[in-house]
Amino acid sequence: MADTTYGSCCVDEVGASHIDADCVIHYGHTCLSPTSTLPAFFVFGKASINTSNCIENLSKHALTNGKPILVLYGLEYAHAIPHIREAVKVASSSYGSGLKLEINFADVMCTVITPSKDHKSLCGPAGGCTRHTIGGLVWNIPDRKKMEEHLLFWIGSDNSAFANVVLTFNGCEIVRYDATEERLLTDVSQPLKILKRRYYLVEKAKDANIIGVLVGTLGVAGYLHMIHQMKELITKAGKKAYTLVMGKPNPAKLANFPECDVFINVSCAQTALLDSKEFLAPVITPFEAMLAFGRGTQWTGAYVMEFRDLMSSSPVEGSDQAEEARFSFLKGGYVEDVAQPETENGEEEKEGALALANAAEKALQLRDRSLDPIVKGTAKSGAEYFVSRSYHGLEMQCNSSSPEPYAIGRSGKASGYDDEKSKQEIQ
């Protein structure tokens with residue numbers, strides 16, 4: 001059972017619980033995200049690949065590059081990796097002792113996941129090596145070497161799994177072997193373009209006042225903890241957070257919440273990255289939210305796709321109300337983040353009509369923006385947004401005491417007013 005509500009790469013744990021299943025079998029493309037209650041058995045499938053052509057491209061590129069190569073692949077090509085590995089060993093020995101190809105292959109993490117198995121045990125040091133995991137793959141790197149020193153050779157298509165690798169290891173040189181077209185793509189400009197786009201979304205999220213937290217998974221362990229962590233971070237940054245459960249997000253669904261300036265998608269690593277060009281508001285990841293709403297944080301170039309890795313890290317403190325205003329690159333001025341008022345027992349300060357009346361009172365307050373050098377956001381909550389966009393009637397000129405001159409309107413029918421008929425008769 002695959003989770004068709006959020007992403008087919010995850011296990012449909014909710015659907016399995018409805019039929020009292022003891023185990024879930026997942027077939028096809030998967031991210032191997034651990035579930036919280038049910039054991040899962042994964043069947044990867046076998047995509048066709050020309051192994052001889054792949055081995056030839058891999059060997060030629062290893063000879064011309066000179067860097068140690070780490071081979072990563074889509075799980076649909078895991079069945080062909082043992083044959084490719086053995087053929088590369090034979091090819092390396094045929095070059096003689098003077099020339100040695102340093103090519104390492106990642107292994108499949110597992111085909112069975114049990115709830116008692118801690119995913120953190122798969123990461124970290126392993127006997128003088130650092131163990132890395134991504135997209136269901138695992139490999140070890142000696143402590144004396146760094147990932148940036150390796151060239152990543154990806155076997156597979158340009159999909160979400162490859163985008164996960166590109167962003168996570170953006171400091172490495174990456175090439176991709178397209179098994180469908182049987183050719184090697186060496187264009188390395190794609191990681192830079194993706195990072196520039198994500199950095200722009202982070203800067204845009206900093207100016208947001210109302211943030212919607214999207215529940216993008218119900219099967220990945222720790223998703224509730226991350227949602228609470230995001231809401232706490234947003235509140236400390238002086239912004240308003242709303243939790244939205246709508247299944248797999250699309251532009252039509254998110255358009256029903258125009259008051260949200262930005263959305264945070266809490267999901268597995270392979271579905272967290274959404275191309276939000278068609279959306280009315282940007283959709284960012286939890287890692288990007290920590291960069292945007294944590295005062296004093298800077299992007300060092302590292303990128304984290306797994307939100308479970310963010311839970312183990314030290315919590316990021318939100319902005320303090322007493323701190324000075326920050327400069328917004330998009331608005332071209334200083335922006336003051338006003339903290340939300342604290343409430344007791346997690347309840348709203350005012351409910352129902354009182355909250356709407358309070359928002360209306362704030363909306364009706366006049367302010368001379370020419371005397372204020374600080375750019376402030378418009379609506380700080382959903383109630384203020386709806387008050388600002390609702391119909392207020394005719395504009396009253398309160399400052400002028402003299403009556404306005406009246407004007408005589410047009411008479412007749414819409415198909416032909418009296419003044420229009422007179423014009424036609426003259427012509």
Requested in this report: Look up atom CG in Asn53 and atom CG in Leu58, then write down how far apart they are to the nearest 0.5 Å.
Outcome: 11.0 Å
Query - Plane angle bin for Phe153 and Tyr177 - parallel if under 30°, tilted between 30 and 60°, otherwise perpendicular - result: parallel
Query raised in the report: Any donor-acceptor pair under 3.5 Å linking the side chain of Asn57 with the backbone of Lys60?
Result: no
Query - Tyr303 and its side-chain contact (heavy atoms from CB on, under 4.5 Å) partner, picked from Asn170, Leu291, Val166 - result: Asn170
Query raised in the report: Under the 3.5 angstrom rule, does the side chain of Ser59 hit a backbone N or O of Glu56 as a donor-acceptor pair?
Result: no
Query - Least distance between heavy atoms, Ala80 atom then Thr51 atom - result: CB-CG2, 4.0 Å
Query - Under-4.0 Å salt bridge between Lys145 and Glu102 - result: yes
Query raised in the report: With distance as the sole test, does Ser267 use its side chain to make a donor-acceptor pair with the main-chain N or O of Ala272 at under 3.5 Å?
Result: yes
Requested in this report: Indicate yes or no: at least one non-hydrogen side-chain atom of Ile84 is less than 4.5 angstrom from one of Tyr73.
Outcome: no
Query raised in the report: Is there a side-chain contact between Lys193 and Arg197 (heavy atoms, below 4.5 Å)?
Result: no
Query - Straight-line distance of Tyr242 OH to Phe257 CZ, nearest 0.5 Å - result: 11.5 Å
Query raised in the report: Backbone N or O of Ala47 within a donor-acceptor pair of the His79 side chain at under 3.5 Å?
Result: yes
Requested in this report: Give the minimum heavy-atom separation between Met290 and Leu310, together with the two atoms involved.
Outcome: CE-CB, 4.0 Å
Report task. Heavy atoms only: give me the nearest Ser48-Ala179 pair and the separation to one decimal. Result -> O-CB, 4.3 Å
Query raised in the report: Is there side-chain contact between Leu273 and Arg198, with heavy atoms separated by less than 4.5 Å?
Result: yes
**Report entry** Donor-acceptor contact present, side-chain Lys204 to main-chain Pro282, <3.5 Å
**Finding:** no
Query raised in the report: Which of these passes side-chain contact (heavy atoms from CB on, under 4.5 Å) with Met226: Val213, Thr217, Val266?
Result: Val266
Query raised in the report: Do the rings of Phe162 and Trp154 sit parallel, tilted or perpendicular, given the 30° and 60° boundaries?
Result: tilted
Report task. Would you check if Glu232 and Gln229 make a side-chain contact, meaning some heavy-atom pair closer than 4.5 Å? Result -> no
Query raised in the report: Of Leu274, Val245, Leu254, which meets side-chain contact (heavy atoms from CB on, under 4.5 Å) against Leu214?
Result: Leu254
Query - Heavy-atom neighbours of Lys146 NZ exceed 12 at 6.0 Å - result: no
Report task. Please examine the side chains of Arg144 and Glu149, heavy atoms only from C-beta on, and report whether any two atoms are closer than 4.5 Å. Result -> no
Report task. State which residues pass side chain to side chain contact (heavy atoms under 4.5 Å, CB included) with Asp107; sequence neighbours excluded, sorted by chain then number. Result -> Arg85, Val138
Query raised in the report: Is there side-chain contact between Thr186 and His61, with at least one heavy-atom pair below 4.5 Å?
Result: yes
Query raised in the report: How many angstroms lie between atom CG of Leu151 and atom CZ of Phe169, to the nearest 0.5 angstrom?
Result: 13.5 Å
**Report entry** Straight-line distance of Asn265 CG to Met230 CE, nearest 0.5 Å
**Finding:** 12.0 Å
Query - Donor-acceptor under 3.5 Å (Tyr223 side chain, Cys268 main chain) - result: no
Query raised in the report: Can you tell me if Asp261 uses its side chain to pair, donor with acceptor, with the backbone of Asn209 under 3.5 Å?
Result: yes
Query raised in the report: Do other residues, nucleotides or ligands put more than 12 heavy atoms under 6.0 Å from the CD atom of Glu148?
Result: yes
Query - Lys239 side chain to Ala208 backbone, donor-acceptor under 3.5 Å - result: yes
Query raised in the report: Is there side-chain contact between Ile234 and Ile264, with heavy atoms separated by less than 4.5 Å?
Result: yes
Report summary line: Value for CZ (Phe105) from CG (Leu70), rounded to nearest 0.5 Å, stands at 9.5 Å
Query raised in the report: Quick one: does His150's side chain get under 4.5 Å of Ile141's, heavy atoms only?
Result: yes
Query - Taking every non-hydrogen atom, the tightest pair across Phe287 and Val304 - result: CB-O, 3.3 Å
Report summary line: Here the pair of heavy atoms bringing Ile81 nearest to Tyr77 is CG1-O, 3.4 Å
Report summary line: Nearest heavy-atom contact between Gly136 and Leu75 is O-CD2, 4.3 Å
Report task. Only counting residues at least two apart or in another chain, list the ones meeting side chain to side chain contact (heavy atoms under 4.5 Å, CB included) with Thr168. Result -> Ile134, Asn164, Met305
Query raised in the report: Could you give the distance from OG1 (Thr130) to CH2 (Trp139), rounded to the nearest 0.5 Å?
Result: 12.0 Å
